[in-house]
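Have a look at the structure below before the remarks.
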Amino acid sequence: MKCIGVLTSGGDAPGMNAAIRAVVRAGLHAGVKVIGVRRGYHGLIHGEFQVMTPRSVADIIHRGGTILRTARSEEFRTPAGQQRALDNIRQQQLEGLVVIGGGGSMRGGLALSDLGVPIIGVPATIDNDLVGTDVSIGFDTATNTVVDAINKIRDTATSHERIYVIEVMGRDSGFIALHAGLAGGAESILVPEIAFDLDDVCRRIVDGYQRGKAHSIIVVAEGAYGSPGAAKNGESAGFRVGKFIREKTGFETRITVLGHLQRGGTPTVQDRILASRLAAYAVELLLEGEDRLLTGMVNNQLRATPLDDILGQTKELDRSMYELANVLASV
Ligand code: F6P
C-alpha cells in the first residue's frame with residue numbers, strides 16, 4: 001500500500017485526536033502517505049481531503065473533539081452516496097481506510113468494504129457499546145467527567161438534603177450510568193438493559209432517609225426507558241424519574257441533565273494510550289492486507305475482531321457491578 005485514509009465519524013469522543021495522530025504517524029513511519037478525510041462520510045462524498053504530515057497532528061494528543069471534524073451522514077446511507085464516496089476514494093488513490101467511530105460508523109465501513117475498499121475500524125464512542133473491545137476510546141474520559149459532576153452535585157445535595165437525579169448519556173446502553181454510578185456512590189442506577197421499578201427506587205430513598213441518609217443520588221441513562229423513546233411528551237428519562245420521585249415521596253428533588261459536556265474535555269491517560277495503541281494497530285493490520293476488522297483491547301491484549309461478527313450484537317453490562325452498587329447503597 002502506498003496511500004491510506006483516516007476519518008472520524010458519528011458522535012465525537014475524547015481521544016479521537018490521539019487516534020488520528022497515531023494513524024498518521026504510524027502510517028508515515030511505515031512509509032505510506034496518509035490522507036485525512038474531513039467530516040466523516042460526508043467529507044468522503046463531497047471530496048474533503050487533506051494530506052496529513054507529522055506536523056498536522058502535532059499538539060492534539062491532549063485535545064478533546066476531532067481535528068478532522070465529524071458528521072452523521074444520511075446521504076452515505078444511500079447507494080448513490082456510497083458510489084460518490086467510492087469514486088472519490090479511487091480518485092485520491094486511497095488503498096484502505098481507517099474508520100474511527102462507533103457502531104454506525106462501522107456499518108458505514110462495511111458498506112465501503114463491500115465495494116472493495118479495505119477497512120479497519122477503531123472503536124471510539126463514549127457509550128462503550130461496541131462488542132470486540134472491553135473499552136472504547138472516550139469512555140474513560142466521559143465517565144470521569146460524570147463522576148466529577150456527581151462529586152459536585154453531592155456537595156450541594158448534602159447541604160440541602162435533597163434528592164438529585166442525574167441523567168447521563170447512553171442512547172441504548174447503560175455503561176456510562178453503571179460505571180459512573182458505582183464510582184460516584186449513587187443510591188440507584190437506572191439503565192436500559194436492566195428492568196427497574198420506580199416504586200422500588202422510592203422505597204430505597206425512604207428507607208435510606210429512615211437510616212439517616214440526608215440525600216440520595218440517582219443516576220439515569222438517557223435511554224433508560226428505551227431508545228428512541230427516552231423522551232416522552234418532551235420529557236427526558238431523568239425528568240420522568242425525578243417527577244415520579246417527587247410526587248411519590250414528597251422529597252425535594254432536582255434534576256441535572258449532563259448532556260454533551262460528557263463528550264468533551266481533555267482525554268484521560270487511559271484514553272490516550274488506548275487510542276494510540278488501537279489506531280497504530282489498525283494501520284498495521286491495513287498494511288498487512290487485512291480488511292473488515294475492528295481493533296480492540298480484550299483483557300489488556302490487542303485484538304482484531306471481524307466487523308461482520310460484532311455488528312448487531314449487544315455488549316453485555318456486568319450485572320455483578322450493578323448488584324454491587326445496589327448492595328453498597330443499601331445499608
Ligand atoms: O453515541 C454517542 C452519543 O453521545 C449518545 O450517548 C447520545 O445519545 C448521542 O451520541 C447524541 O448524539 P448527538 O450528538 O447527535 O446529539
Side-chain angles (χ1 to χ4, degrees), residues 7-17 19 39-43 64-66 68-77 99-109 121-133 135-150 165-181 189-193 219-232 234-241 255-268 271 274-275 294 296 310-315 317:
L7 61 78
T8 50
S9 162
D12 62 352
M16 275 184 164
N17 278 328
R39 301 191 176 83
Y41 294 110
H42 175 90
T66 157
L68 288 177
R69 310 279 190 260
T70 186
R72 300 190 196 273
S73 171
E74 283 305 317
E75 198 178 358
F76 187 72
R77 293 174 193 268
V99 172
I100 304 168
S105 311
M106 297 310 146
R107 239 167 256 120
V122 175
T125 162
I126 66 163
D127 289 359
N128 195 33
D129 56 351
L130 272 171
V131 173
T133 187
V135 62
S136 295
I137 297 162
F139 176 66
D140 187 59
T141 307
T143 45
N144 275 292
T145 298
V146 173
V147 170
D148 185 46
I150 293 176
V165 175
I166 303 170
E167 182 187 301
V168 301
M169 275 188 167
R171 206 173 13 201
D172 307 306
S173 65
F175 286 94
I176 297 176
L178 176 57
H179 285 241
I189 302 169
L190 309 184
V191 293
E193 294 90 338
V219 176
V220 182
E222 63 176 336
Y225 285 101
S227 178
K232 190 189 165 200
E235 218 174 39
S236 74
F239 275 90
R240 240 171 119 173
V241 170
I255 298 133
T256 304
V257 178
L258 293 180
H260 287 80
L261 77 81
Q262 295 161 90
R263 288 239 297 263
T266 188
T268 59
D271 272 329
L274 184 70
L294 179 79
I310 61 159
L311 293 179
Q313 277 199 55
T314 306
K315 186 167 178 176
L317 276 189

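Owing to the predicted nature of the structure, the values given are computational and were not obtained by experimental measurement. Read the numbers this way: they start at 1 and go in the same order the structure lists the ligands and their atoms.
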Find out whether Leu258 and Ile166 are in side-chain contact, i.e. whether some heavy atom of one side chain is under 4.5 Å from a heavy atom of the other. yes
Residues in the immediate environment of ligand 1 (any heavy atom closer than 4.0 angstrom): Arg72, Ile126, Asp127, Met169, Gly170, Arg171, Glu222, His260, Arg263
List the residues meeting side chain to side chain donor-acceptor pair (under 3.5 Å) with Thr266, not counting sequence neighbours, and say none if there are none. Arg272
Any residue meeting side chain to side chain donor-acceptor pair (under 3.5 Å) with Arg39, in chain and number order, not counting sequence neighbours: Glu48
Checking Phe76 now: which residues fulfil ring-ring contact (aromatic ring centres under 6.0 Å, His included) with it, not counting sequence neighbours? Tyr41
When Lys315 is tested against each of Asp129, Asn128, Asp172 for side-chain hydrogen bond (donor to acceptor under 3.5 Å, both in side chains), which residue passes? Asn128
Do Phe239 and Val220 come close enough that some side-chain heavy atom pair is under 4.5 Å? no
